[in-house]
Amino acid sequence: MDWVEGIGYLGTALTISATAMSTMIPLRIISLCASCAVITYGIMIGSMPVVLTELIQMPFNAYRLWQMLRLVRDVETAADNDLSLEWLRPFGSRRPFGIGEVVFRKGDLATEMYYIESGVFRIPEVDLEVRQGGIVGELGLLSPGNARTASLVCVEAGHALCVSYSDVKQLYYQNPEFGFYFLKLTSERLFQGVQGMSKPQAVAGDAL
Ligand SMILES: Nc1ncnc2c1ncn2[C@@H]1O[C@@H]2COP(=O)(O)O[C@H]2[C@H]1O
């Protein structure tokens, strides 16, 4: 085996390692290293398809890596400051809701959680209001069969950021700070549920 082939095998080994990785940041870094090795090998053997494939892949990996690093930084800032969840913004889609609109009903299959940006939403089963900065719809990720534990109705028109559970899981696994927020939020709500809340209360950003 000559050194050119050696670089090719190094590229193969790094590509396989990246594929086997479960955490995003190391995966992206190893993928970028693999691309560098494969591009070098492709140039050495004069194979444009090999070089081109890697050149196309590299910006995607670099962009995703930048996104993830930025997220980690933002979550750390959020943890140090006012616990605002503004950094969730890139992970969700903004949706408007009108007065009386039922966002979901108890028992519905849950696929996303909501970060309330404006307006007022009500959870009738526990007589709670969720306002700007509040998180709602996170328990469905943990409930049996992903069923909604309560309904959500819009009582004052506004907007909510909808974040899919696959993104929530990704954030959970990638970022211990977010994982801890999530754990704290869900356990607080489960404890509240156990204690049987009866008085109307407002759930806002400080719920975390
Ligand atoms: N006791 C509670 N206190 C605060 N929020 C609750 C409570 N019970 C349910 N919720 C919220 O209402 C949501 C209904 O949908 P989910 O079960 O997905 O997630 C639930 C929580 O976000």
Side-chain angles (χ1 to χ4, degrees), residues 22 24 68 71-72 74-208:
S22 57
M24 271 317 142
M68 210 36 94
L71 171 74
V72 170
D74 291 350
V75 173
E76 279 167 5
T77 309
D80 288 344
N81 296 317
D82 59 357
L83 304 187
S84 145
L85 292 176
E86 284 296 302
W87 50 267
L88 269 178
R89 212 174 283 279
F91 292 88
S93 58
R94 196 166 185 255
R95 216 180 290 165
F97 292 96
I99 296 180
E101 192 174 335
V102 177
V103 182
F104 53 74
R105 290 178 201 281
K106 184 175 178 175
D108 282 355
L109 180 69
T111 57
E112 57 189 9
M113 73 169 199
Y114 302 80
Y115 172 60
I116 308 303
E117 292 188 319
S118 58
V120 181
F121 295 73
R122 193 164 172 273
I123 308 168
E125 288 83 355
V126 286
D127 207 6
L128 280 177
E129 281 183 352
V130 191
R131 293 170 180 273
Q132 198 244 323
I135 287 272
V136 66
E138 78 298 335
L139 289 181
L141 177 62
L142 308 173
S143 68
N146 291 118
R148 293 286 183 200
T149 58
S151 311
L152 186 68
V153 184
C154 176
V155 290
E156 202 176 285
H159 287 86
L161 196 69
C162 312
V163 185
S164 74
Y165 283 166
S166 59
D167 282 338
V168 175
K169 278 185 197 164
Q170 170 99 266
L171 291 167
Y172 183 91
Y173 288 122
Q174 297 301 326
N175 196 285
E177 281 85 0
F178 178 78
F180 188 70
Y181 279 170
F182 194 80
L183 193 68
K184 199 159 172 272
L185 177 68
T186 49
S187 28
E188 266 173 21
R189 288 188 172 168
L190 291 171
F191 281 128
Q192 282 166 6
V194 168
Q195 283 162 9
M197 304 212 46
S198 56
K199 290 187 200 130
Q201 294 194 20
V203 179
D206 58 359
L208 283 176

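Read the numbers this way: they start at 1 and go in the same order the structure lists the ligands and their atoms. Everything numeric in this text was worked out from a predicted model, so none of it was measured.
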One residue to check: L139. Relative to ligand 1, which of side chain, backbone, both or neither has a non-hydrogen atom less than 4.0 Å away?
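The part of L139 near ligand 1 is both the backbone and the side chain.
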Which atoms of ligand 1 have any heavy atom of [X] under 4.0 Å away?
{"X": "F104", "value": "14 (C), 15 (O)"}
{"X": "L128", "value": "2 (C), 3 (N), 4 (C), 5 (N)"}
{"X": "Y165", "value": "18 (O)"}

Is there a heavy atom in S143 that sits closer than 4.0 Å to ligand 1?
no
Check whether N146 reaches the backbone of L109 with its side chain - one donor and one acceptor, N or O, closer than 3.5 Å.
no
Mind jotting down which residue pairs meet the side chain to side chain donor-acceptor pair (under 3.5 Å) criterion with at least one end in residues 150-162? Sequence neighbours excluded, please.
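Sorted result for residues 150-162: E125-S151.
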Distance-only donor-acceptor pairs under 3.5 Å for side chains of residues 99-108, two or more places apart:
from	atom 1	to	atom 2	distance (Å)
E101	OE1	G98	N	3.0
D108	OD2	R105	N	2.8

Y115-E117 side chain donor-acceptor pair, cut-off 3.5 Å:
no
Below 3.5 Å, N or O to N or O, backbone or side chain included: is there any such pair between G140 and ligand 1?
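Yes; the residue has a nitrogen or oxygen that sits under 3.5 Å from a nitrogen or oxygen of the ligand.
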Counting both backbone and side chain atoms, is some N or O of I123 under 3.5 Å from an N or O of ligand 1?
no
Smallest heavy-atom separation, R148 atom then T111 atom, equals NH2-N, 4.0 Å
What are the two closest non-hydrogen atoms of V163 and G92, and how far apart are they?
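Heavy atoms of V163 and G92 come nearest at CG2-CA, 4.1 Å.
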Counting heavy atoms only, which of E188, K106, R148, E138 comes nearest to atom 21 (C) of ligand 1?
E138
